[in-house]
Amino acid sequence: MNTTIDPRRYFEAVAKERGRLAEAPPVCLYLEVTNRCNLLCETCPRTFEALEPPADMSYELFLRIVDQVAGLKRAVLHGVGEPMLVRGLPRMIRTLKERGVYVLFNTNGTLLSPKQREWLVESRLDELRVSLDAADPAGFRKVRGRDFFARIVRNVSALVEFQKRAGAAKPAVSLWLTGLRETIAELPRFVQLAADMGVREVYLQRLVFDETGRGLARPDQALFDRLRAEDNAVIGEATALASRLGVRLDASGAMEPGLSLRRGNESAPWSACRRPWSLMYFTANGRALPCCIAPFAARDHAAYTLGDATKETLAEIWNGPAYQEFRAALLGPAPPLPCRNCGLRWSL
C-alpha cells in the first residue's frame, strides 16, 4: 500500500473487496494433530505455558472436519506440537491423499526412525518441512533446549537416502531456519549442511514474536525491518553458496530471503491478509483459531477463538458472529491482537 493514500479511503476499498462474510468455503485446513512435543524450543509458546489441555486430534474429529470441506485443496497437519508423536498420522495423510488433497507438515525430525521413513514415503505425503534452526549442536541446544542435533541430521539424511533408493520424489524435504539475532550468522553453514545431507531446499523463517519477553521469541530478537549491514552480507553469502551447491534458498512465502525481512511501503500490512477468507485452523481440541500464527503472536486462546468444531458445523463457524467480527476488525485500522505484529509473509 502506498503510504500517501488516505488511510480511510484505503480501508473502505479493502472492506468493499472483502466483507464480513466469506462468500466461498475454505480451500485450506490447518489441523493441529497434536499439541504435545518432545522439545522445549525457546521460540515456542507451549514451552512457557499450557495453551490447551494436552491432546492428540482424534481420527473422528479429524474426519468430522475434513468431511465438511468438499473442495479442500491443501491440508497442513501441524500446530504447536510435533506431528510425528501421533500414531494415527499415517491414516490421516492417506485419507487426505485419497481425496486429492496436497498435504504437508512441519517436524522437528527427532522421530524419523526407519519405520517412520517407510510410511512417510508410502503415504504419498507431499512435503516434509524439518525445523532444524541451527547449523551445529551448540546453536541447536540454545534454540531447541535439547541435544538432538546429531540425531536429526542423521535421521533426515537417512530419509533422503531411502527416497533415492526407492526412487520416490515425495515427500519434498526441506530444512528451515528461524531467522533471529541468535541464528542469522549460521545461514551459510546451514545451506552447506543441507547440501551435505542431500536436502535441496532451505527456507529462512521469520521469527514470530510476542511482547512477553520469554525465551528467544522477543521483539529484540526479530530481524524484520532491522537488518544490519552484516546481516545483509550473511544473506548474500548464503544465497551465492546455495546457487553454487544447487540448493534452493527461499524465505517463508517463497520470497527472496532479504526481501522477506524488509518492510515494504505498507502502513497496514495486516489489511492484505486473506487467510480468514480462505483457510481454517483447528487445534487438537477442535477450537477454531484465525490462523497458525495466532498461538505464537498472542496468548489466551479464548480471546480469539472463533468456534468449536466439536459442537458446531464448519458452516456455522465460518460465517458465524465471531468470524464476522474478526474479519471486520482485520479490515480496519485496529486489527485483532494476533494480527498486529503480522507482516503477512510468515507462511508456515
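Here, residue 1 is the first one in the sequence, and each next residue gets the next number.
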State whether a side-chain donor-acceptor pair under 3.5 Å links Glu32 with Tyr30. no
Using the ring pair (Phe, Tyr, Trp, His ring centres under 6.0 Å) criterion, which residues pair with Tyr59? Sequence neighbours excluded. Phe62
May I ask you to decide whether Asp67 forms a salt bridge with Arg99, counting only side-chain N to carboxylate O separations under 4.0 Å? yes
Can you find a side-chain donor-acceptor pair between Thr110 and Asn108 that sits under 3.5 Å? yes
One thing to verify: whether Arg287 and Asp308 come together as a salt bridge, which I'm taking to mean a side-chain N less than 4.0 angstrom from a carboxylate O. no
Please name the pair of heavy atoms, one in Lys97 and one in Ser123, separated by the smallest distance, quoted to 0.1 Å. CG-O, 3.5 Å
Going by atom types only, do Asn319 and Arg327 share a side-chain donor-acceptor pair under 3.5 Å? yes
All side chain to side chain contact (heavy atoms under 4.5 Å, CB included) counterparts of Asn285, not counting sequence neighbours: Asn35, Glu52, Pro53, Ala55, Thr283
Taking atom types as modelled, find out whether Thr34 and Glu82 have a side-chain donor-acceptor pair closer than 3.5 angstrom. no
Side chains of Arg129 and Ser174: any donor to acceptor distance under 3.5 Å? no
Note: Met84 and Leu120 closest approach over all heavy atoms is CE-CD1, 4.0 Å
Let me confirm one number: the CG-CD distance from Leu177 to Glu186, rounded to the nearest 0.5 Å. 7.0 Å
Salt bridge Arg248-Asp250, side-chain N to carboxylate O under 4.0 Å: yes
Step by step, would you call Arg275 with Ile293 a side chain to side chain contact (heavy atoms under 4.5 Å, CB included)? CA-CA 11 Å; Arg275 286 173 177 163; Ile293 301 303; 3.8 Å; yes
Salt bridge (Lys or Arg N to Asp or Glu O under 4.0 Å) filter on Arg36, not counting sequence neighbours, yields Asp56
